[in-house]
Amino acid sequence: MGELVLSIRDLRVTFDTPLGPLEAVRGVDIDVHEGEMMGVVGESGSGKSVTFLAAMGLLPHRAKVTGSVTLNGQEMIGASNKVLRNMRGGLMSMIFQDPLSALNPVHRIGDQIVEMLKAHQPKMSDKDAANRAVELLDIVGIPQAAERAHQYPHEFSGGMRQRVVIAIAIANNPKVLIADEPTTALDVTVQAQILEVIERVQKYFGTAVVLITHDLGVIARVADRVNVMYAGRNVEKGGVDALFDHPSHPYTRGLLASLPHEGVERLTPIIGFPPNMLTPPPGCGFAPRCSHATDACLVSLPPLRAFGDLETACIRAEELVMKAGLS
Ligand SMILES: Nc1ncnc2c1ncn2[C@@H]1O[C@H](COP(=O)(O)OP(=O)(O)O)[C@@H](O)[C@H]1O
Ligand code: SF4
Ligand SMILES: [Mg+2]
């Protein structure tokens, strides 16, 4: 593994809402190393976006954030606006599900890339910035990049717009690119193309990528390591091969069983819903949906701990592996 570039430690985010405090993130630890593709997966509402919005300093003021996020060794939680502005689009950038809202409809595509380049490299000449913008469009696979740089977002398809968003995000050679459900709004063939572009960026530029998705199938295709999140916590993490080969947490097993796979006609969805984060249970958040839950699971939050070549937050992981081996 390359050097550690992004380190999230005991991150907690609580939103002040009219219904009371909502505990969106409850002690998350994630490490991202130079050049790796880190998958972050979990059902909607598990705290994936909020974790990385907190890391980028993009949460509203009514969010209380504690813990630590270091990027290249520098602390981002509580950092000044100036430090955060320098970091965003510089050392770390983030792309979102909806490529349309990320682009300014009244500015030409090329100009939007130039703007990002100049925000972080003010000494770059207009000509160099314009040339670099075309180069970036070419890198993300936009045909006739020089001509298309003069067009407006509405002249691009959804997939092409997402490519432009990626070009803007990588303009200043970030160390870390966070891609939050980057393919969810796109149709299936385009999804595969966008994943390829993201992989190309990771491989050729050595950019560490955090790929956030609710779809374990996407993770299987491109990630090196995986963080499984549930109810604002990490519940399992490890290398992608180990996690798919011998998942230790009942929630991960549930996600895997609900994936389409060969020889299985009917998929098994996980029954029930994640807990309401206004009133999270004191014990394992998965207990109400877990067929292995016992009274011990309801007492306190299971900590994430080493388990073979994985890390798991299931207190019964050993017993469950033995049971599976005997049956
Ligand atoms: N701005 C906000 N104000 C209040 N609650 C929020 C806000 N953003 C997210 N949440 C809540 O935080 C929890 C985690 O959300 P999120 O990180 O967006 O989930 P995911 O990205 O995993 O689908 C959810 O319960 C969500 O409703
Ligand atoms: S700790 Fe208990 S309830 Fe939670 S996943 Fe493990 S067995 Fe199920
Ligand atoms: Mg999200």
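Every number for a ligand or one of its atoms is a count from 1 in the order of the listing.
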* To do: Measure distances from the Mg ion (ligand 3) and count the protein N, O or S atoms below 2.8 Å.
  => 1
* **Shortest non-hydrogen separation from Leu259 to Gly217 and the atoms involved** => CD2-N, 3.5 Å
* Asked: Can you say whether the rings of Phe286 and Tyr230 are parallel (under 30°), tilted (30 to 60°) or perpendicular (over 60°)?
  -> perpendicular
* **Glu75, CD: over 12 other non-hydrogen atoms inside 6.0 angstrom** => yes
* To do: Supply the atom-to-atom distance His33 NE2 to Arg225 CZ, rounded to the nearest 0.5 angstrom.
  => 5.5 Å
* **Closest contact, heavy atoms only, His292 versus Pro250** => CD2-CG, 4.0 Å
* Structure fact -> So CG of Leu58 and CE of Met94: to nearest 0.5 Å the spacing works out to 7.0 Å
* To do: Nearest 0.5 Å please: distance from the CE atom of Met87 over to the NZ atom of Lys82.
  => 14.5 Å
* Taking it one step at a time, do Glu199 and Lys203 satisfy salt bridge (charged side-chain N to carboxylate O under 4.0 Å, His left out)? -> CA-CA 6 Å; Glu199 263 194 305; Lys203 300 246 151 69; 3.5 Å; yes
* To do: List in chain and number order the residues that pass side-chain contact (heavy atoms from CB on, under 4.5 Å) with Asp187, two or more places apart in sequence or in another chain; answer none if no residue qualifies.
  => Thr189, Val190
* Mind checking the CG-CD spacing from Asn276 to Glu23? Nearest 0.5 Å is all I need. => 10.5 Å
* **Over 12 foreign heavy atoms within 6.0 Å of CD, Glu43** => yes
* Structure fact -> All heavy atoms of Gln112 vs all of His107, minimum pair found to be NE2-O, 2.8 Å
* With a cut-off of 2.8 Å, which protein N/O/S atoms are close to atom 8 (Fe) of ligand 2, if we only count those under it? -> Cys290 SG
* Hey, are the side chains of Val165 and Phe96 touching, using non-hydrogen atoms and a 4.5 Å cut-off? -> no
* Asked: Which protein residues have a heavy atom closer than 4.0 Å to any atom of ligand 1, listed by chain and number?
  -> Phe15, Leu22, Ala24, Glu43, Ser44, Gly45, Ser46, Gly47, Lys48, Ser49, Val50, Arg62
